[in-house]
Visitor: 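Dumping the structure here so I can ask a few things about it.
Indexing begins at 1, ligand by ligand and atom by atom, following the structure's order. Quick note: numbers below take in every heavy atom, side chains included, and nothing from hydrogens, waters or symmetry partners.
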Amino acid sequence: MENLDLNRLPKHIAIIMDGNGRWAEEQGQDRLYGHYHGVMSVRKVVEAATEIGIQYLTLYAFSTENWDRPQTEVLGLMSLFVDTISKEVPDLHKNNIRLHFIGNLDLLPDEARQALASSTSITAQNTGLQLVIALSYSSRWEIIQAAKSLAEQVKAGKLDPIQIDEACFVQSLSTKDFPDPELMIRTSGEYRISNFLLFQLAYAELYFTETRWPAFGKDAFFEAIMAYQSRERRFGKTSAQINLDIENY
Ligand code: IPE
Ligand code: IPE
Ligand code: MG
């Protein structure tokens with residue numbers, strides 16, 4: 001942590017928490033054992049993010065495609081979500097953390113939906129870390145939802161297609177209240193985005209690590225931020241332009 005430049009932290013970090021299953025299999029355990037340990041890593045990373053003052057943390061917990069996993073794993077994950085949320089809310093609330101959920105939540109079982117709704121309303125006034133959980137989430141689904149909603153506004157005569165620019169489009173995404181992530185971390189050695197925040201990650205720095213999610217902790221999190229801080233974010237400009245901007249800053 002002492003190697004971090006606290007004045008140049010990303011505002012928003014997004015994480016694809018991958019490798020629970022493989023981690024468990026490597027321990028000779030079943031996949032759900034890995035998911036349980038994955039929750040502990042979530043706790044550690046949320047604590048680390050709070051400690052250094054990260055404003056937004058988005059965690060990919062379950063994709064739309066994950067519904068196609070074996071039913072026992074899906075059911076196990078659903079009950080783990082409900083248990084974890086109910087157990088963790090008092091602590092999250094005490095730490096001024098606000099919970100948000102993005103994804104096609106209509107697909108979740110009633111019990112899970114209720115737990116989510118209650119946790120978001122309990123923490124609704126909190127101004128510390130904004131913790132966004134992507135659950136039953138698919139970025140293509142989200143983008144299509146946005147297109148539908150804009151089409152409906154046009155049909156209702158509330159919107160002129162000429163007004164549809166980037167700022168307007170972003171308002172129809174489920175992430176409309178959050179800035180784009182500057183840093184995206186994926187664990188467990190997969191080098192892909194798996195339908196996560198396709199629009200929002202346009203200029204994010206991508207960081208991949210071999211570490212399985214249940215083995216990922218505070219130090220690994222800080223290491224990812226250090227890697228981010230060593231990158232030069234050019235946004236299409238040249239390196240010389242960027243350095244000139246810093247001098248003029
Ligand atoms: C990530 O770990 C958690 C979820 C997708 C729910 P995995 O379950 O994908 O673990 P691996 O990739 O099979 O090791
Ligand atoms: C992505 O992980 C989704 C989550 C971490 C929740 P997967 O393990 O489902 O992704 P793929 O199938 O390897 O691309
Ligand atoms: Mg995986």
Visitor: Assess Ser188 for proximity to ligand 1: is some non-hydrogen atom of it under 4.0 Å away?
Guide: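 It does not, in that no heavy atom of Ser188 comes within the 4.0 Å cut-off of ligand 1.
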Visitor: Could you tell me the residue and atom name of the protein heavy atom closest to atom 10 (O) of ligand 2, and the distance to it rounded to 0.1 Å?
Guide: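 Answer for atom 10 (O) of ligand 2: Arg186 NH2, 3.3 Å.
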Visitor: Side chains of Ser188 and Trp213: donor-acceptor distance under 3.5 Å anywhere?
Guide: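 No, no side-chain donor-acceptor contact under 3.5 Å.
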Visitor: Do Glu205 and Gln229 get their side chains close enough for a donor-acceptor pair, meaning under 3.5 Å?
Guide: no
Visitor: Quick one: does Asp18 get an N or O within less than 3.5 Å of an N or O on ligand 1?
Guide: yes
Visitor: So, regarding Asn66 and ligand 1 (criterion: nitrogen or oxygen to nitrogen or oxygen, under 3.5 Å), is there a contact or not?
Guide: no
Visitor: The Mg ion (ligand 3) to Glu190: any N/O/S contact under 2.8 Å?
Guide: no
Visitor: Would you call the rings of Phe62 and Phe81 parallel, tilted or perpendicular if under 30° counts as parallel and over 60° as perpendicular?
Guide: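 Taking Phe81 first and then Phe62, their aromatic rings stand perpendicular (interplane angle over 60°).
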Visitor: Suppose we measure from atom 14 (O) of ligand 2 to each protein heavy atom; which comes out shortest, and what is that distance?
Guide: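 Of every protein heavy atom, Ser194 OG, 2.6 Å lies nearest to atom 14 (O) of ligand 2.
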Visitor: Under a 3.5 Å cutoff, is there a donor and acceptor pairing between the side chains of His93 and Asn126?
Guide: yes
Visitor: Can you list the ligand 2 atoms lying under 4.0 Å from a non-hydrogen atom of Phe62?
Guide: 6 (C)
Visitor: Between Thr175 and Glu142, is there a side-chain heavy-atom distance shorter than 4.5 Å?
Guide: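 Yes, their side chains come closer than 4.5 Å.
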Visitor: Can you pull out the closest protein heavy atom to atom 13 (O) of ligand 2? Residue, atom name and distance to 0.1 Å, please.
Guide: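 Protein heavy atom at minimum distance: Arg192 NH2, 2.8 Å.
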Visitor: Using a 4.0 Å cutoff against the non-hydrogen atoms of Arg22, which atoms of ligand 1 qualify?
Guide: 11 (P), 12 (O), 14 (O)
Visitor: For Met17, is the nearest heavy atom under 4.0 Å from an atom of ligand 2?
Guide: yes
Visitor: So among Tyr137, Phe101, Phe178, which one has a side-chain contact (heavy atoms from CB on, under 4.5 Å) with Val132?
Guide: Phe178
Visitor: Touching ligand 1 at all, Arg212? Heavy atoms, strictly under 4.0 Å?
Guide: no
Visitor: Could you tell me the separation between the CG atom of Leu99 and the CD1 atom of Ile97, rounded to the nearest 0.5 Å?
Guide: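 CD1 of Ile97 is found 8.0 Å from CG of Leu99.
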Visitor: I'd like to check whether Glu190 has a polar contact with ligand 2, where a contact means an N/O of the residue lying under 3.5 Å from an N/O of the ligand.
Guide: no
Visitor: Supply the atom-to-atom distance Asp18 CG to Arg186 CZ, rounded to the nearest 0.5 angstrom.
Guide: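 Output value for this atom pair is 4.5 Å.
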Visitor: Does Ser63 reach ligand 2 with a nitrogen or oxygen that is under 3.5 Å from one of the ligand's nitrogen or oxygen atoms?
Guide: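 Such a contact does not occur with ligand 2.
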Visitor: Can you classify the ring geometry of Trp23 versus Tyr33 as parallel (below 30°), tilted (30 to 60°) or perpendicular (above 60°)?
Guide: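 Because their plane-to-plane angle is under 30°, the rings of Trp23 and Tyr33 count as parallel.
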Visitor: Show me which atoms of ligand 1 lie under 4.0 Å from any heavy atom of Ala61.
Guide: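 Those qualifying, in numeric order: 6 (C).
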Visitor: Of all N, O or S atoms in Asp18, identify the one at the shortest distance from the Mg ion (ligand 3).
Guide: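 It is OD1 of Asp18.
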Visitor: Taking N or O atoms only and a 3.5 Å limit, does Arg69 qualify as a polar contact for ligand 1?
Guide: yes
Visitor: Could you verify whether a donor N or O on one side chain and an acceptor N or O on the other, from Gln153 and Ser149, lie under 3.5 Å apart?
Guide: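 Yes, Ser149 and Gln153 have a side-chain donor paired with an acceptor closer than 3.5 Å.
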Visitor: Would you kindly specify which portion of Ala134 sits under 4.0 Å from ligand 2, judged on non-hydrogen atoms: side chain, backbone, both or neither?
Guide: neither
Visitor: Can you classify the ring geometry of Phe196 versus Tyr60 as parallel (below 30°), tilted (30 to 60°) or perpendicular (above 60°)?
Guide: parallel
